[in-house]
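Have a look at the structure below before the remarks.
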Amino acid sequence: MPRTIFMNDSLVPEHEAKVSVFDHGLLYGDGVFEGLRSYSGKVFRLEAHIDRLYDSARAICLAIPLSKQAMAKAVNDTLAANQLADGYVRLVVTRGAGGLGLDPNKTSHPQVIVIADTISLYPREFYEQGLRIVTAATQRTHSAALSPRIKSLNYLNNIMAKLEGLQAGCVEALMLNHKGEVAECTGDNVFVVRSGRLLTPPPDAGILEGITRNAVMELAGAAGIDCREQTLVRHDLYTADECFLTGTAAEVIPVVEIDGRKIGLGVPGPITQRLKDDFHALVRR
Ligand code: PXG
C-alpha cells in the first residue's frame with residue numbers, strides 16, 4: 001500500500017514526496033534524523049526523540065523550520081494517516097538544496113520528512129535465544145571528529161561496522177572507541193551484568209545516548225538493580241554474566257556470544273529477561 005508522507009508542511013502521497021538531487025542531505029549526508037516507535041497509537045518518549053533531533057540540528061547549525069510542537073503533531077498525523085497504531089517513524093531533516101560545494105550557507109529550505117512504516121524486528125528466535133555478535137575493526141568515530149551524540153545523516157561509520165558484522169554472519173557488531181574501550185553497537189547501546197550489577201559505557205565513551213538505554217537504566221533503578229555507567233573493555237564483556245543491547249528498533253535483545261566467547265551460560269540471563277519484560281510492560285503502559 002502506498003504510504004502517506006509528511007513533507008515540510010503537509011501530508012502527501014509517497015510518489016510526491018521527493019527531494020532535490022542538489023539537497024545536501026543527499027550530496028554530503030548533511031542533515032539529522034531520528035527513529036521512533038509507536039505502541040498502541042502512542043509514540044514512546046516522543047518528547048525525548050524530538051529534543052534529541054533538535055539538539056542534533058543545533059549542533060550542526062541547522063535551523064529546523066518547524067516548532068517542536070508542530071514536529072510532534074507531524075509525527076502523530078503521519079502515523080494516523082497511515083493507520084499505524086504500532087509503527088516505526090523516521091524523522092529526517094536535510095540541509096536543503098544548494099550548490100555543488102560544501103558551504104551550508106549556500107543552501108536554502110531545509111527539508112522536513114516524516115515517514116511512518118511498520119517495524120521489522122529481529123526474528124523471534126534472536127530474542128529467545130540471544131544474538132551472536134563480533135567486534136568490528138572499524139572504530140566508532142572519534143568524538144573530536146564528529147560527535148556520536150549527533151544523529152546525523154552521515155552513518156557510514158556505523159554502516160562500515162555493520163558490514164563487518166554481516167560478513168561474519170552476525171546482525172550486529174560491537175564498536176570500540178579510539179582508546180579501545182567499548183562504545184556501542186552499530187544501531188544499539190550495550191549493557192552487561194556482572195555480579196548482579198548492570199554496567200553500560202558512559203556518554204563520553206563516544207556513544208549515542210540512546211532513549212531506550214535511558215529507559216532501561218530507569219527500569220533497573222525501579223527494580224532495585226544497581227546500574228552504573230562505567231568504562232568497559234572487551235574483557236569485561238567476554239567475562240560478563242549477561243549482555244544485552246538496547247535500541248528503538250531492537251528494544252531489549254540478549255547477546256549470548258561475542259567474538260566466539262560464550263557470555264555467561266550462553267543463554268539469555270535472568271536480569272536481561274527481567275528488563276526485557278519490564279521494557280515491554282513500560283511501552284505498553
Ligand atoms: N546507538 C546508535 C549509533 C544508534 O543509531 C542507538 C544507539 C539506540 O538509540 P535509541 O534512542 O533508539 O534507543 C541508535 C539508534 C536502524 C536504526 O534502522 C537504528 C537506530 C535508529 C533508527 C534506525 O537500524 N539506532
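From a predicted model like this one, the values you see are computed outputs, not experimental measurements. Numbering of ligands and ligand atoms starts at 1, following listing order.
Applying the side chain to side chain donor-acceptor pair (under 3.5 Å) test to residues at least two apart or on different chains, the pairs with a partner in residues 162-175 are Thr138-Glu164, Glu172-Thr186.
When only modelled atom types and interatomic distance are considered, Gln139 and Asn177 share no side-chain donor-acceptor pair under 3.5 Å.
In this structure, the ring pair (Phe, Tyr, Trp, His ring centres under 6.0 Å) partners of His178, at least two apart in sequence or on a different chain, are His142. Under the side chain to side chain donor-acceptor pair (under 3.5 Å) criterion, Asp30 pairs with Arg95, sequence neighbours left out.
Comment: Asp226 engages Arg228 in a salt bridge, judged by a side-chain N to carboxylate O separation of less than 4.0 angstrom. A salt bridge between Asp51 and Lys68 is present, with a side-chain N of the basic residue lying under 4.0 Å from a carboxylate O of the acidic one.
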Ligand 1 polar-atom proximity to protein (N/O, under 3.5 Å):
from     : atom 1 : to     : atom 2 : distance (Å)
ligand 1 : 1 (N)  : Glu184 : OE1    : 2.6
ligand 1 : 5 (O)  : Lys151 : NZ     : 3.0
ligand 1 : 5 (O)  : Tyr155 : OH     : 2.5
ligand 1 : 11 (O) : Arg52  : NH1    : 2.9
ligand 1 : 11 (O) : Arg52  : NH2    : 3.0
ligand 1 : 11 (O) : Ile211 : N      : 2.7
ligand 1 : 12 (O) : Thr248 : N      : 2.9
ligand 1 : 12 (O) : Thr248 : OG1    : 2.5
ligand 1 : 13 (O) : Ile211 : N      : 3.3
ligand 1 : 13 (O) : Thr212 : N      : 2.9
ligand 1 : 13 (O) : Thr212 : OG1    : 2.6
ligand 1 : 25 (N) : Gly187 : O      : 3.2

